[in-house]
Asker: 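Just dropping this structure here.
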There are 2 protein chains.
Amino acid sequence: MGSRLGRRLPVMADVAREAGVSHQTVSRVLNDHPNVRSETRARVLQAIDKLGYRRNLVARALVTKRSRTLGVVSFDTTLYGPASTVYGIEQAARSAGYFVSIVSLKSIDPAGVRDALDYLADQGVDGVVVVAPQRSAARALADLPLAIPTVAVEGGQAGEVSVVSVDQVAGGRLATEHLLSLGHETVWHVSGPSDWLEAEGRVAGWRAALEQAGREAPQPLAGDWSPRSGYEAGRSLARMTDVTAVFVANDQMALGVLRAFTEQGVSVPGQVSVVGFDDIPESAYFSPPLTTISQDFDAVGRHSIEVLVRRLEDGLQERERLVVPPAFVRRASTARPPEGR
Amino acid sequence: MGSRLGRRLPVMADVAREAGVSHQTVSRVLNDHPNVRSETRARVLQAIDKLGYRRNLVARALVTKRSRTLGVVSFDTTLYGPASTVYGIEQAARSAGYFVSIVSLKSIDPAGVRDALDYLADQGVDGVVVVAPQRSAARALADLPLAIPTVAVEGGQAGEVSVVSVDQVAGGRLATEHLLSLGHETVWHVSGPSDWLEAEGRVAGWRAALEQAGREAPQPLAGDWSPRSGYEAGRSLARMTDVTAVFVANDQMALGVLRAFTEQGVSVPGQVSVVGFDDIPESAYFSPPLTTISQDFDAVGRHSIEVLVRRLEDGLQERERLVVPPAFVRRASTARPPEGR
DNA sequence: TCACTCGTTGTTAGCGTTAACACGACTTGA
DNA sequence: TCAAGTCGTGTTAACGCTAACAACGAGTGA
């Protein structure tokens, strides 16, 4: 298969010689140029096949100034959300004919984002998707002089970049309205870290739903997305006798909340109802199975590539914003409030 | 910042002109060539800074025939294990000065692996890490005529490729021995899909530990890593009155098992003890917190890059195999067996 | 018949870098 | 003092591809 050791890989000129044409004709065949006689084309293709020739994309990139590589900058791809988004991005990019080069950041300070973009720019990527869920990252992106077409995922409002995101506010609303509709007087909230845009959006949705129903919004408890922080919030909540419904900003923290409630003998959903966010694969098997809000990460990834490719290939200039709606998933962690609590 | 619109990016010749030297001298400065007068070097650096020059890595790759890009082929990076491994790989590669290009496969048939490698080869990667946890993928890899230096993660024995993996057999042993040491008569097993090498290794470790203790190995129940399949296995186990200890091949399935036991009124660890595998971030907050085996995915990722870079830069030819030991994590899902069961 | 167009192919000139070699100015040692 | 290094630098030629243009024969309309 063209790997006879010690021989150098065939180049276009070798194919040309084999087919008895010029290397430019080979190039034309490879690039589907219309003006090539079909007989010639066949001869070239046969030579390509015989020699096991593969076009050198680096040389091609040098002359065309396009590498057909997209960069992805993301924060901790170990987390379910980012991992799923990046997965969606990668699938979409590949099927659009682009390679994907990834940088995943431990901490997402503005300098980190800047460095990552420089790094990718050096590599010669044609465009970049930045998964920038923190406000600071989004701001950094907005302030940067962007030499390369860029799309932000969950990237806030500012700046010139296009943004694709899940409607977090709607998600927070959905969760809260569900609990209110079951008859709960009010809904408590365990939020994500305050500099995360997603956390902010969910808080806003929760607050809006309460306000609309004319209910008082209790002080939210702040977590950091980890089950551990949910557990701590859960211990606090278990001590308060007037809590009957909690909207937790992600499923992992909800797991911690459930754990704390179990330990304290608070029954879910008997005494307290709990709603999570994300719909991770595990949440259907929590005890009890978790009612939650699902985000279509895959769609987010796909859309971000669509937007980017539109800009790259059709030369679209105006900035786009695309919002993916979340979905409500009813399971067993929510019920009507208890009679006498 | 060198981004004055409408002007083309500066190239080496521009820097050379600015500094009053030849472009080759600029190249020497950039590549830390020793024979450059320090005064000249300073002048060049100043010109680089003034023009905001950045070296074109594509042109460089064309002439050096090395792209400083590594490819990663992985199966479903949405799963915690692969995601963490890929994360470790990416970090290690970047700090070794390599870019990382990712292909994540939905299904990992041999043709898929082959295509992914071809695809990356076209892009001009210098080396590849294949996360190949299925036997079929490992076999495909072993059979392939590998034009590019390749390292397999969890890749089995065959072929010429170097392999980095976690010692799954030791993990299975650890889990089983722990349960036996608590006084359980025997240990049941919920395994992963049979074509996964990891599943196979865990089964082998479990079987070996039982054999060594002179116990009968019950028929293992086969799952597919999902909480759902664990739940189903759990329902079967709950019905059998002689089960007091279960080793589940991953934490997600263990979650399903716990859920089934809870539903059937089987108390954990009161009546049945459960051990998982992986130590995902959630498992400390399961009900009860899960005793499990932790795998250092990060170390696996790092080692795979070390092996690859050794081959790339020091020209090492012999194939290496590196095994990372798993660790036992005791939590609250295991206890002595009940008296009269 | 001639001028013109069109389809097909070849020739030449880059893209921006590094490698290889050439060359003069110094040093060094006999 | 001269042959033989070193050092610092410049010149030229690739790397493998595409873009731009040139060339040529065949068809077309006047």
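Numbers restart at 1 for each chain; the letters A, B, ... are given by sequence-line order, proteins then strands.
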Asker: So which pairs with a foot in residues 123-147 of chain A pass ring pair (Phe, Tyr, Trp, His ring centres under 6.0 Å), sequence neighbours left out?
Answerer: none
Asker: Which pairs pass ring pair (Phe, Tyr, Trp, His ring centres under 6.0 Å) with one or both residues in residues 90-128 of chain B, sequence neighbours excluded?
Answerer: Phe99(A)-Tyr119(B), Tyr119(A)-Phe99(B)
Asker: Which residues within residues 58-70 of chain B lie with some heavy atom under 4.0 Å of an atom in DNA chain D?
Answerer: Leu62(B), Val63(B), Lys65(B)
Asker: Under 3.5 Å, side-chain donor or acceptor atoms of residues 9-20 of chain B against the rest of the protein: list the pairs with distances, not counting sequence neighbours.
Answerer:
residue: Asp14(B); atom: OD1; partner: Arg8(B); partner atom: NH2; Å: 3.4
residue: Asp14(B); atom: OD1; partner: Arg17(B); partner atom: NH1; Å: 3.4
residue: Asp14(B); atom: OD2; partner: Arg8(B); partner atom: NH2; Å: 3.2
residue: Asp14(B); atom: OD2; partner: Val11(B); partner atom: N; Å: 2.8
residue: Glu18(B); atom: OE2; partner: Lys50(B); partner atom: NZ; Å: 2.9

Asker: Within residues 29-44 of chain A, find the residues that approach DNA chain C with a heavy atom at under 4.0 Å, and present them sorted by residue number.
Answerer: Asn35(A), Val36(A), Arg37(A), Thr40(A)
Asker: Do any N or O atoms of the protein come closer than 3.5 Å to N or O atoms of nucleotides 24-28 of chain D, and which pairs are they?
Answerer:
none

Asker: Identify, with sequence neighbours excluded, every residue that meets side-chain hydrogen bond (donor to acceptor under 3.5 Å, both in side chains) alongside Thr40(B).
Answerer: none
Asker: Would you please name every residue forming a salt bridge (charged side-chain N to carboxylate O under 4.0 Å, His left out) with Arg311(B), sequence neighbours left out?
Answerer: none
Asker: Between the two ends of the helix from dT1(C)-dA30(D) to dA30(C)-dT1(D), what is the bend in degrees, rounded to 10 degrees, where each end axis spans five pairs?
Answerer: 40°
Asker: Quick one: how far along DNA chain C does chain A reach, first to last nucleotide 5' to 3', anything under 4.0 Å to a heavy atom?
Answerer: dT8(C) to dG16(C)
Asker: Mind jotting down which residue pairs meet the ring pair (Phe, Tyr, Trp, His ring centres under 6.0 Å) criterion with at least one end in residues 19-49 of chain B? Sequence neighbours excluded, please.
Answerer: none
Asker: Would you please name every residue forming a ring pair (Phe, Tyr, Trp, His ring centres under 6.0 Å) with Tyr87(A), sequence neighbours left out?
Answerer: none
